[in-house]
Amino acid sequence: MKKVLVIGGGGREHAIVDALDRSPQVGKIFCAPGNAGIGQQAECVAIKDTDVDGLKEFAVENGIDLTVVGPEVALAAGVVDAFKEAGLRIFGPSKAAATIESSKDFAKQLMAKYDIPTAAFETFEDYDAALEYVKNGSFPVVLKYDGLAAGKGVVIPDTFEEAEETLRDMLLDDKFGKGKVVVEEFLTGPEFSFMCFVDGEDVYPMTLSQDHKRAYEGDKGPNTGGMGAYSPVPLVTDEDLEYSLEKIMKPVASAMVAEGCPFTGVLYGGLMKTPQGPKVIEFNCRFGDPETEVVLPRLESDIYDIFSSVADHTAMPRIEWKKEATMGFVMASKGYPGSYDKGFEIDGLDRLPEDIRVFHMGTSSKDGKFYTSGGRVLMVVGSGEDLQRAHDKALAAVEAIGCENLFYRRDIGWRVL
Ligand code: AMP
Ligand code: GLY
């Protein structure tokens, strides 16, 4: 029986642990650092996701057969490179390949060079030059900080005054650190998340999902890490999917090989179905959160085999998906994505129907009780014959969970219900 280490401690990692838990080959799962919910299915170890040496030492000492990396910060810290150098098996991209997420400018230059459909753009380091460019363009305009900013580095000003303020924050006051700004054309259309297992030139698509980035109902309020998701996504046609695979995901994988930084792991295409067809909004170098929590429950195949085939560069087994639909609601701390208080008791988790999956995003536990400990706290997922049924089940479960400091969006799935 295999021993697996999962790096990370959110809902995405809970869903990865849950999928590994279903593998008949996996005997023991560790999660670093994990969280209270993950602790019900794996042994949590108190090592930070960016403590590369600590993680490596743990893997060696405990005879870990395979390590799976959740968060981008661990990848950007070079955890995969360090594990490989030490002869350890690990699923995830190298630090160089992770640049596709950690630098928006790198991703945009790559797409421009290899003709991959995306919004027109220009990159600036200089405040005055950026301001001049924006002044002569149209609004709204999309301003993206070049580096990692935990989903908060994208601002879409409607007016020149707002744009000026944002550029000041990003380029003069270094709000996210010293860095460049990508100024992008504003695109319209529904977004969808296309995650693929990628091993160099080989691309194996996962079933589609859709996230809800804005904090409040009606897609209002600030951008968040994601407030809910569902799978599959009926508004994306077979033709859109084929185009996204052949004109976007496969060419990008080939481009990464050609650039000398082949990608191995999950490549996440954040795509928009524009009137001109699917275009890239962003790439991530890892599973999406909360998308993973609705996608992996639909995976029929053994995920240990999939991870192994990518990590070892061996033949990929056929990847099968369940017919059932899934939909999940994020319950977040009041105040998120801004500041929020922690430590509120969560009640009712033990009284939910058996087919409801609760993935913990930010919880702690004490004396058998769960408490809030993060911005996003729970992802409550229902499944059923169709999205409406999945929605109704998940929402009923969310309503049965008691906690005075949590809020959620009731309109997850509004585009398709
Ligand atoms: P990103 O972090 O790049 O995914 O951007 C965050 C969110 O901003 C996306 O999910 C979109 O809703 C929005 N966004 C980003 N780029 C564009 C664009 N070029 N046009 C319209 N909306 C965008
Ligand atoms: N849900 C969006 C992301 O994982 O980046």
Side-chain angles (χ1 to χ4, degrees), residues 8 10-13 15-16 69-73 75-76 98 100-108 111 116-123 134 137-158 166 170 176 181-195 206 208-215 219-231 233 265-276 278-296 328 330 332 337 359 361 375-376 379 409 412 415:
R12 163 182 51 210
E13 289 75 22
I16 295 170
V69 191
E72 62 275 18
V73 285
L75 296 163
I100 198 159
E101 172 168 358
S102 61
S103 167
K104 302 252 186 215
D105 183 44
F106 172 87
K108 295 296 283 189
M111 287 186 267
I116 291 156
T118 189
F121 75 104
E122 199 77 48
T123 306
V134 166
S138 59
F139 289 88
V141 65
V142 183
L143 304 178
K144 298 186 176 180
Y145 175 71
D146 178 50
L148 290 181
K152 289 167 194 151
V154 177
V155 182
I156 307 184
D158 284 313
T166 304
M170 291 182 178
F176 302 103
V181 167
V182 176
V183 182
E184 257 184 46
E185 162 200 16
F186 179 77
L187 300 177
T188 53
E191 290 176 59
F192 59 101
S193 305
F194 190 16
M195 301 191 282
M206 288 185 230
L208 296 178
S209 53
Q210 188 180 58
D211 188 8
H212 297 62
K213 291 246 166 86
R214 304 292 205 100
D219 284 336
K220 300 221 161 54
N223 261 324
T224 68
M227 292 298 293
Y230 61 86
S231 175
V233 186
V266 172
L267 184 60
Y268 166 123
L271 311 184
M272 187 181 269
K273 182 176 156 112
T274 76
Q276 294 83 39
K279 290 190 183 181
V280 177
I281 293 293
E282 66 164 346
F283 284 115
N284 292 326
C285 61
R286 39 128 189 120
F287 280 109
D289 194 358
E291 289 93 329
T292 306
E293 292 95 305
V294 292
V295 167
L296 290 188
V330 169
F359 296 110
M361 305 181 99
R376 291 188 295 174
M379 169 76 166
R409 281 180 60 164
I412 303 304
R415 279 181 189 278

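Atoms within each ligand, like the ligands themselves, are counted from 1 in listed order. Throughout, residue positions are numbered sequentially from 1 according to the sequence presented. As the structure is a computational prediction, the values presented were derived from the model and not from experiment.
At distances below 3.5 Å, not a single donor-acceptor pair connects side-chain atoms of H212 with backbone N or O atoms of I412. Side chain of R409 to main chain of R214: a donor-acceptor pair is present (N/O by atom type, distance under 3.5 Å, no hydrogens or angles). Side chain of E101 to backbone of N284: no donor-acceptor contact under 3.5 angstrom is found. In this structure a side-chain-to-backbone donor-acceptor pair under 3.5 Å is present from R376 to D289. Side-chain atoms of R286 never come within 3.5 Å of backbone atoms of V69 as a donor-acceptor pair (strictly under, hydrogens ignored). With hydrogens and angles disregarded, no donor-acceptor distance shorter than 3.5 Å links the side chain of T224 to the backbone of P337.
Only side-chain heavy atoms of V154 come within less than 4.0 Å of ligand 1; its backbone N, CA, C and O stay farther off. When non-hydrogen atoms are compared, ligand 1 lies under 4.0 Å from the side chain of K104 (C-beta onward) but not from its backbone. Under 4.0 angstrom from ligand 2, the non-hydrogen atoms of E291 all belong to its side chain.
Ligand 2 has a nitrogen or oxygen under 3.5 angstrom from a nitrogen or oxygen of G225. By the 3.5 Å distance cut-off applied to N or O atoms, D289 is counted among the residues near ligand 2. Residue K213 has no nitrogen or oxygen atom sitting less than 3.5 Å from a nitrogen or oxygen atom of ligand 2, judged on distance alone. Here's the thing with L187: one of its N/O atoms is less than 3.5 angstrom from an N/O atom of ligand 1.
Contact between I156 and ligand 1 is present, with at least one heavy atom of the residue lying under 4.0 Å from the ligand. Proximity of G226 to ligand 2 is not established, as no heavy-atom distance is less than 4.0 Å. The shortest separation from a heavy atom of Y268 to ligand 2 is under 4.0 Å, placing the residue in contact. Using a 4.0 Å cutoff on heavy atoms, P290 counts as a contact of ligand 2.
Nearest residue to atom 19 (N) of ligand 1 from E184, R214, K213, M272 is E184 (criterion: closest heavy atom). For atom 11 (C) of ligand 1, the nearest non-hydrogen atom from the set K279, H212, E191, E282 belongs to E191.
A pairwise comparison of heavy atoms in L75 and C285 identifies CD1-O, 3.5 Å as the closest pair. Between M206 and F194, the closest heavy-atom pair is O-CE1, 3.8 Å.
Of all protein heavy atoms, the one closest to atom 3 (C) of ligand 2 is R286 NH1, 3.6 Å.
For ligand 2, the atoms sitting less than 4.0 Å from at least one non-hydrogen atom of D211 are 1 (N), 2 (C), numbered in the order shown with element in parentheses. Close approach of ligand 1 to V142 (heavy-atom distance below 4.0 Å) involves ligand atoms 16 (N), 17 (C), 18 (C), 19 (N), 20 (N). Short contacts between ligand 1 and F186, defined as distances under 4.0 Å to a heavy atom of the residue, involve ligand atoms 20 (N), 21 (C). Interface atoms of ligand 1 facing A119, defined by a heavy-atom separation under 4.0 Å, are 19 (N). Numbered from 1 in the order shown, with element, the atoms of ligand 2 that lie under 4.0 Å from a heavy atom of G288 read 4 (O).
With salt bridges taken as basic N to acidic carboxylate O contacts below 4.0 Å, one links K108 and E184. We find that E122 and K144 are not joined by a salt bridge, their nearest charged nitrogen and carboxylate oxygen being 4.0 Å or further apart.
Between P140 and the options T188, D158, V155, a side-chain contact (heavy atoms from CB on, under 4.5 Å) holds for only D158. Of the residues D105, V154, V142, the one that meets the side-chain contact (heavy atoms from CB on, under 4.5 Å) test with V182 is D105.
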